[in-house]
Amino acid sequence: MWWQWIAERITLGLHIPDGFLHAPVALLWWLPTVIAVGVATRAVRQSLDDRAVPLMGVMAAFIFAAQMLNFPIAGGTSGHVLGGAFAAIVLGPWAGMIVMTCVIALQAILFQDGGIVAMGANIFNMGIATAAIGGWIARPLLTRNGSFTTNRLWIATVTAGAGWLSVMAAAALTSAQLVLSDLPAAIVFPAMLGVHAVIGIGEGLITAAAVLFLVTTRPDLLQANAPAGTSSARVAVIGLIIAAVTAAFAPLASPDPDGLERIAEDVGFIERATDAPYHMLPDYTIPWLGETPLSTILAGLIGVAVMIGLIWVIAALLRSRPPARS
Amino acid sequence: MADESLADRALAPASGIAVYDGRVTTWLALGYIFTLAWLPAGAWDALIMAALILWFVIGCGRIGLRLIWRRSLVAWPFALAALTLAIARPGEPIAQFTIGGQAFTVTDAGIVATATVMIKSWLSVQAVMALIATTHFSELLTALAALRLPPLLVMILGMAYRYLFILQDEALRMLRARDSRSAALPNRRAGRNLRWRATITGRMVGTLFVRAYERSERIYAAMLARGYDGQPLTTPPPSLRRIDYVLLIGGSAACIGLIIVAYT
Amino acid sequence: MLTITNLTYRYPDGTPALRGIDLAIAAGEKVALLGVNGAGKSTLLLHLNGTLRPASGAIVVDGLPVTPQNLRQIRARVGLVFQDPDDQLFSPTVFDDVAFGPLYMGLAPAEAAQRVQQALQAVGMMGYERRAPHRLSLGQRKRVALATVLAMQPSLLALDEPSAGLDPRARRALSELLRALPQTMLVSTHDLALVADVFPRAIVLAEGRVVADEATASLLAHHSRLLQYGLI
Amino acid sequence: MLTITNLTYRYPDGTPALRGIDLAIAAGEKVALLGVNGAGKSTLLLHLNGTLRPASGAIVVDGLPVTPQNLRQIRARVGLVFQDPDDQLFSPTVFDDVAFGPLYMGLAPAEAAQRVQQALQAVGMMGYERRAPHRLSLGQRKRVALATVLAMQPSLLALDEPSAGLDPRARRALSELLRALPQTMLVSTHDLALVADVFPRAIVLAEGRVVADEATASLLAHHSRLLQYGLI
Ligand SMILES: Nc1ncnc2c1ncn2[C@@H]1O[C@H](COP(=O)(O)OP(=O)(O)OP(=O)(O)O)[C@@H](O)[C@H]1O
Ligand SMILES: Nc1ncnc2c1ncn2[C@@H]1O[C@H](COP(=O)(O)OP(=O)(O)OP(=O)(O)O)[C@@H](O)[C@H]1O
Ligand SMILES: [Mg+2]
Ligand SMILES: [Mg+2]
């Protein structure tokens, strides 16, 4: 149904369309995204070698399809998984980032889900950050001496926590970008984090169930991709961080099971989220030209050029040399 | 998928624009969207020109402006939310109303901001749609490669696109199977609880993952059988023709023109 | 038991898959659904439990019309088994999979467990409860898929090509099972041997229309008609 | 052309899939590979181009032993086509897919394009270059999968169940194509009609061993042996 389709998009509320972010903000977020994806590309290439293309490609298609697997919450609303944390827990942080980057790029291009200029921010929020949480927080907690733990309760707790946290992180980052686009932080953060504290519960439950399913049926897959062991001190520190963050957000997490109410809340957020002034670089002018339109245009163009240059240089540095073909 | 068939257009572009190089159409579409992002609120002349340029191109390409308009409405839930900008921005009050005891004021600046966001967002979506309706997905990949995207990433994107529809169909069939066993008896509450339903969904995600993983292993074997050794396959694309350069320069000039119109 | 009146359906891309289907099946009847690839067999079966919604026409199961409001009750009455068992089985163990339907209906876990036992017994898969479905052979998976709907005790079984991909021995076992089950059945198949064995009545679809609806014996007796319908 | 001596293989989980295979195929011979599900047909074919590495035994193709050092040359000589074309076709367009092998071998783009034309012509799929594989019918995908290896001009074709899932017309077309192709062939199949049509010689596997290797005519003449090998 069309309204369900709309409701789902609004409920998730994380694919920022074009026009909603300040242009400089949108461009700025391309920078960390390009760096992370560049590093991830190299890492994946080294660790997976020639399996990288078929594995990552099919896994990206898998995340796409997995996002279709929804479950009814209430009142016609349904929850589904974002998948970043799951991908990183199972495949590792770098592979998770690559997979999510492809998913978000294809969603923007093929289905106009999320903007093109805003894609840097979208990839960072839903791909890089979620994979970092799954891969660098949950995975170390799930492996002991290089092999995957078998304690089901522990696995369920950690993966559910990571799933929830990944959604919260994406929501927090999205809020930050909106606030950087001059939205009132006092409204954006509570609304966004409040809604996603609930949505994150679905993510957490699905992530946990999916990982437990793998532990039961194909432990070899998890084993194959398990990272080397981590020191217990590091595990303890990460555990403490998770506990602290969870405690901080716990009040927000008291679930409100009425789906319709949540949509209403969400729509409310988006209405407020769009309360952004759309001036181009309001304070950016070039001194010797004074506050003329020409000055503003030049300032903008220079900004763009610098940004593109930076991205280009970093991408060039990160790109491994093209293979010599005999 | 609401507009799967449009995504499918990327498979069989049949339009006038398709005679141009896919790199040119891709770059121009990206440039156009970036230009839109820089237009300030209330730059009506620039926005109208931008719209006319886009529709002219769509018209020339015989893509079907109607189709694009109809499909582009899918992006409107977000754009409609911009309506609230009308009451959120300080400015000359135009109208007032109260909902639930709270007073809202519609301002002139608010209306301007709302309209700008809606138009920008709507035009951006149309530009992407025009792009995928005219440019074969493989050409899009070539264009991205020429934009210095790592070849490995380009290959992964191509592979993801190839298996997208296959895995979506698989997911759809699983959903059907689950739904057809989601039954209710009279006088009993169906569906147990939220946690159980989420768990079932999680297992479906796991099942799909295993199948996708195994498929990737078979594909890997197929690639090896054809000589693959892990190096991304890079073929130099054909060089741009004169007509492509003309289009590229003309398009870029139009984008710069829009910016100048908007800020003068 | 099942009455279909003037059912038409078009896929979203415009393919007209069903163009006016009329048929009625009495309680306890076992009916085969035949037709070439693309005739509309699967599409018709997907309508029986409301997975697809008709463009026009009506379906009544057991006196209850198939409408969006009734879907949940309809699904308790109609057991639909898909052609590919991998689409049907999504749980880590055979037990979980067969128990899904009963638990969803709100049965108590003990009652559900009993239903699972009965269903697995009916298909001859007792003792496989703890096994992972994807570790079973194709024939075994097809039987478990059937058990998942038997556990819901539907009054109408709608099976889509239950014998496809089975080897000769597994086919014979399936044929015996279908003869033994008491339910009303509508079963799509390309397997004329199975039809002759199990189903006294056969319906032939072609291009979304019913082109024959008669006793299996009389249909099979006419080689020229089988050829005409593309069944051999 | 192809010589296999005492080939054994175990899957990593311990399943013994091949237990001492010996066979020799002369240049230009067309040989069918028969056997029930799980007999080891696919496993054997996967050894021919080094996708799987034998536990013991040796394979020599065209005078060149299949060893890790020779893999690249071997893969230019052995064209392996998988049963499921969706596993074989992994590119966004038919052209890209068929060109993949030639380009990888280092052919110039123009030469590769010419190979693509020839290969698509051979399988009757000219004009489909810009199409996406997932929009083709199963029969068309199977033909393109064959074209992907023909474009590499291998001297030995190893096909895994090329006729599975094809309807009668497509089977006849495949059968003609295989007869017309000049390459040496080893083709696994369950389709005895195809075997009778195309392959003068047949090898039967059972539980990882060769249990028959003889003229097709003599094998097909003995109903009891076909039954014994589970081929009917
Ligand atoms: N998802 C779909 N979208 C569009 N058309 C479809 C879809 N599924 C099936 N069709 C078309 O609807 C018609 C009926 O298909 P259906 O699957 O019901 O045939 P069938 O009789 O079950 O064939 P088979 O014996 O191959 O299973 C066919 O023309 C088919 O191409
Ligand atoms: N990846 C695998 N891991 C473990 N065992 C396997 C694997 N693939 C196949 N086997 C086992 O190896 C044996 C031979 O399998 P193979 O796939 O070669 O059979 P086949 O003759 O091709 O059968 P079919 O006609 O079903 O394709 C079987 O017992 C099978 O269960
Ligand atoms: Mg069917
Ligand atoms: Mg096989």
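The chains referred to below are lettered A, B, ... by the order of the sequence lines, with proteins before strands, and numbering in each begins at 1.
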With a 4.5 angstrom heavy-atom cut-off, could you sort out which part of [X] is near chain B: side chain, backbone, both or neither?
| X | value |
| --- | --- |
| Ile109(A) | both |
| Met56(A) | both |
| Ala40(A) | neither |

| Validation row, ring centre Phe209(B) to ring centre Phe86(A) under 6.0 Å |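 Aromatic pair counts; centres sit under 6.0 Å.
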Non-hydrogen atoms of Arg203(B) and Ala209(A) that approach each other most closely: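 Looking at all heavy atoms of both residues, the shortest contact is N-CB, 4.2 Å.
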Greatest number of heavy atom pairs closer than 4.5 Å to chain B - which of Leu214(A), Thr207(A), Leu212(A):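 It is Leu214(A).
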| said: Please identify, among Thr216(A), Ile206(A), Val211(A), Val103(A), the residue contributing the most non-hydrogen atom pairs under 4.5 Å to chain B. | reply: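 Of Thr216(A), Ile206(A), Val211(A), Val103(A), Ile206(A) has the most heavy-atom pairs under 4.5 Å with chain B.
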### Task
Go through Arg195(B) and Leu205(A) one step at a time and tell me if the side-chain contact (heavy atoms from CB on, under 4.5 Å) criterion holds.
CA-CA 7 Å; Arg195(B) 196 183 136 205; Leu205(A) 289 174; 3.8 Å; yes
Using a cut-off of under 4.5 Å on heavy-atom pairs, state which of [options] scores highest against chain A.
| options | value |
| --- | --- |
| Leu153(B), Leu208(B), Leu172(B) | Leu208(B) |
| Met204(B), Arg218(B), Arg211(B), Arg178(B) | Arg178(B) |
| Leu131(B), Ile219(B), Val128(B), Ile166(B) | Val128(B) |
| Gly42(B), Ala171(B), Ala29(B), Ala198(B) | Ala198(B) |

Of the backbone (N, CA, C, O) and the side chain (C-beta and beyond), which part of [X] lies under 4.5 Å from a heavy atom of chain A, both, or neither?
| X | value |
| --- | --- |
| Leu123(B) | neither |
| Thr199(B) | both |
| Leu30(B) | side chain |
| Glu214(B) | side chain |
| Ser182(B) | neither |

Practice prompt. Kindly compute the distance separating CG (Leu39(B)) from CH2 (Trp44(B)), expressed to the nearest 0.5 Å.
Written response: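 CH2 of Trp44(B) is found 11.5 Å from CG of Leu39(B).
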Original post:
How many angstroms lie between CD1 in Ile116(A) and OH in Tyr32(B), if you round to the nearest 0.5 Å?
Top reply: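 Ile116(A) atom CD1 to Tyr32(B) atom OH measures 13.5 Å (nearest 0.5 Å).
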Exam field: side chain [X] to backbone [Y], donor-acceptor pair closer than 3.5 Å:
| X | Y | result |
| --- | --- | --- |
| Trp38(B) | Pro24(A) | no |
| Ser121(B) | Met118(B) | no |
| Glu203(A) | Gly83(A) | yes |

**Asked** How about Thr25(B) and Thr134(B): does a side-chain donor come under 3.5 Å of a side-chain acceptor?
**Response**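 Per modelled atom types, Thr25(B) and Thr134(B) side chains form no pair under 3.5 Å.
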